[in-house]
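Presented below is the structure to which this report refers.
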Amino acid sequence: ASNQMWGGRFASGPAAVMEEINASIGFDRALYSQDIDGSIAHATMLAATGVISSADRDAIIDGLTTIRSEIEAGTFTFSRALEDIHLNIEARLTELIGPAGGRLHTARSRNDQVALDFRMWVRDELRRTEAALKALIGAFLGRAEEHARTVMPGFTHLQTAQPVTFGHHCMAYVEMFGRDLSRVRDALERLDECPLGAAALAGTGFPIDRQMTAEALGFSGPTRNSIDTVSDRDFALEFLSVASICATHLSRLAEEIVIWSTPQFGFVTLSDAFSTGSSIMPQKKNPDAAELVRAKTGRINGAFVALSTVMKGLPLAYSKDMQEDKEQLFDAARALDLALAAMTGMVADLKVDEKAMKKAAGAGYSIATDLADWLVRELGLPFREAHHVTGRAVALASERGVGLERLSLDDLRTIHDGITADVFSVLTVTRSVASRTSFGGTAPREVKKQIRHWRKRLEKM
Ligand code: ARG
């Protein structure tokens with residue numbers, strides 16, 4: 001039999017494989033709530049503008065309300081022959097209320113309907129992401145405050161570079177996730193236009209009020225071009241790009257947690273709640289949650305590439321290709337929600353070994369720059385020369401198998417005779433971090449300033 005919703009011109013139904021490739025109900029049922037909200041707003045507006053009667057409007061709203069509870073109770077029968085969530089709901093509406101159900105689709109197309117539903121779903125997800133990012137930033141601010149003075153090695157090339165504080169390192173992630181948060185805001189702002197009323201692509205001759213439906217659905221106004229409206233999925237691409245940048249940050253953090261929690265580093269211990277054991281090696285505590293967060297980035301980045309590949313080369317306006325916009329985005333959203341929540345838990349829970357961090361901070365001649373800076377400041381050497389002198393001191397210390405601070409004054413004076421005992425006062429990791437007072441630097445005082453800045457900023461966000 002031909003399709004009950006659009007089969008007027010068809011003599012026969014679809015091939016089995018056609019039905020299978022065509023149907024989206026398997027995944028777009030996730031849009032049921034947005035679809036019902038959109039239909040209620042549309043029916044309300046149709047009655048207000050005199051396109052349908054208020055009796056029909058009431059019947060439609062009652063029917064849709066019943067359908068919502070059927071879906072939520074799990075008693076709704078989804079039909080693949082009815083393709084998607086829009087037709088499943090509309091068919092059930094007519095079953096429930098009779099011909100009035102058929103009036104709901106006046107001045108509307110599935111093209112503007114799906115653009116609306118999906119946009120509202122993405123809006124909800126962006127709001128979830130916003131809240132999740134705030135929670136993660138909050139967790140980092142707490143750890144940063146607690147560890148504003150905790151010295152750890154800072155790395156470049158994953159080689160010990162200069163001492164920093166763990167608080168400062170935490171605040172680096174606050175900056176990253178703070179940028180993600182502002183990208184979420186931007187995406188929400190651009191998404192804030194209502195597609196409903198674009199109809200199939202050309203608009204409609206019925207006297208609809210697009211401002212009214214836009215307001216009812218929480219948008220600041222209607223979209224401006226009906227052709228663009230039904231062919232635009234930028235809001236989805238923007239969510240996925242925000243998500244994949246954020247996932248990249250999460251993955252870098254996950255990688256650091258994996259490294260820090262190895263016995264070789266021993267900087268942090270993951271709580272039992274965020275690690276697993278091995279079925280054969282009794283001593284193991286594995287950072288599985290961090291590894292999975294690192295891995296989720298793959299599917300999130302993949303979803304962005306998938307959708308941008310679907311959209312590239314599509315002629316205006318709607319093409320069925322666009323039905324492929326949902327599955328991967330839903331999957332990416334779920335992965336992002338999970339990764340953000342798991343990471344927030346891990347950050348709040350991890351135990352920091354301050355001693356191990358401090359010990360590592362002093363290894364690898366991390367205070368060599370402090371010696372060079374002393375030579376510049378106290379002896380007036382040009383930095384290049386100070387760099388060279390310090391390099392020789394490092395070579396000597398390395399030959400002796402000791403740290404720079406363990407060389408004797410005589411040793412140091414063989415390298416440069418201007419050096420005095422005062423130099424030893426700068427050769428500690430604590431002095432090193434305390435001296436980095438430039439704006440945005442690692443000195444505890446500066447880090448605390450940055451924490452205060454972010455606390456205030458977050459309150460306003
Ligand atoms: N299931 C479709 C989608 O997700 C709904 C829009 C279908 N419109 C159409 N003219 N076939 O994109």
Side-chain angles (χ1 to χ4, degrees), residues 2-10 13-15 17-39 41-42 64 67 71 76 78-94 102 104-125 191 194-204 213 217 223 225-237 239-240 303 306-333:
S2 65
N3 186 290
Q4 73 178 89
M5 306 303 286
W6 45 251
R9 65 163 292 180
F10 287 77
V17 67
M18 174 58 197
E19 190 179 294
E20 192 170 343
I21 195 173
N22 195 37
S24 53
I25 189 62
F27 49 89
D28 67 15
R29 63 177 73 181
L31 300 175
Y32 82 88
S33 184
Q34 289 80 5
D35 196 72
I36 289 170
D37 289 343
S39 291
H42 184 63
L64 289 169
I67 292 169
I71 294 175
F76 188 94
F78 291 100
S79 149
R80 198 172 75 174
L82 287 167
E83 289 183 42
D84 57 24
I85 188 63
H86 324 293
L87 296 185
N88 268 269
I89 289 178
E90 197 190 318
R92 176 67 180 144
L93 183 65
T94 299
L104 171 62
H105 212 52
T106 316
R108 186 174 77 170
S109 155
R110 269 189 295 160
N111 296 348
D112 60 339
Q113 192 177 355
V114 73
L116 170 69
D117 294 1
F118 194 35
R119 196 182 274 246
M120 290 198 292
W121 196 95
V122 171
R123 183 173 65 179
D124 289 343
E125 174 58 23
L191 169 153
C194 185
L196 199 58
L201 81 164
T204 175
T213 43
L217 294 166
T223 53
N225 181 300
S226 59
I227 297 174
D228 174 53
T229 299
V230 295
S231 61
D232 166 38
R233 291 296 180 271
D234 285 4
F235 59 92
L237 282 170
F239 165 70
L240 289 171
L307 182 57
S308 65
T309 309
V310 166
M311 296 307 294
K312 78 169 274 301
L314 281 191
L316 306 186
Y318 178 86
S319 297
K320 196 62 172 264
D321 308 51
M322 291 164 74
Q323 179 165 284
E324 288 286 316
D325 58 3
K326 294 172 207 63
E327 259 181 305
Q328 303 222 33
L329 185 141
F330 291 158
D331 181 75

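Counting starts at 1 for both ligands and their atoms, following the listed order.
- Ion pairing of Arg110 with Glu83 is present here, as a side-chain N (NZ or NE/NH1/NH2) and a carboxylate O approach within less than 4.0 Å.
- Here the rule is ring-ring contact (aromatic ring centres under 6.0 Å, His included) with Phe118, and of Phe235, Phe239, Phe27 only Phe235 fits it.
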Expected rows: ligand 1 N/O, protein N/O, dist below 3.5 Å:
{"unit_1": "ligand 1", "atom_1": "1 (N)", "unit_2": "Ser24", "atom_2": "OG", "d": "3.3"}
{"unit_1": "ligand 1", "atom_1": "1 (N)", "unit_2": "Asp84", "atom_2": "OD2", "d": "2.9"}
{"unit_1": "ligand 1", "atom_1": "1 (N)", "unit_2": "Gln323", "atom_2": "OE1", "d": "2.7"}
{"unit_1": "ligand 1", "atom_1": "4 (O)", "unit_2": "Lys326", "atom_2": "NZ", "d": "2.5"}
{"unit_1": "ligand 1", "atom_1": "8 (N)", "unit_2": "Asn111", "atom_2": "OD1", "d": "3.0"}
{"unit_1": "ligand 1", "atom_1": "10 (N)", "unit_2": "Asn111", "atom_2": "OD1", "d": "3.1"}
{"unit_1": "ligand 1", "atom_1": "12 (O)", "unit_2": "Tyr318", "atom_2": "OH", "d": "2.5"}

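- Using modelled atom types, one finds no donor on one side chain facing an acceptor on the other under 3.5 Å when comparing Gln323 with Asp84.
- Crowding of Lys312 atom NZ: a count of heavy atoms from other residues, nucleotides or ligands under 6.0 Å not exceeding 12.
- The pair Asp117-Lys326 does not meet the salt-bridge criterion, since no charged nitrogen lies less than 4.0 angstrom from a carboxylate oxygen.
- Not counting sequence neighbours, Glu327 has no partner by the salt bridge (Lys or Arg N to Asp or Glu O under 4.0 Å) test.
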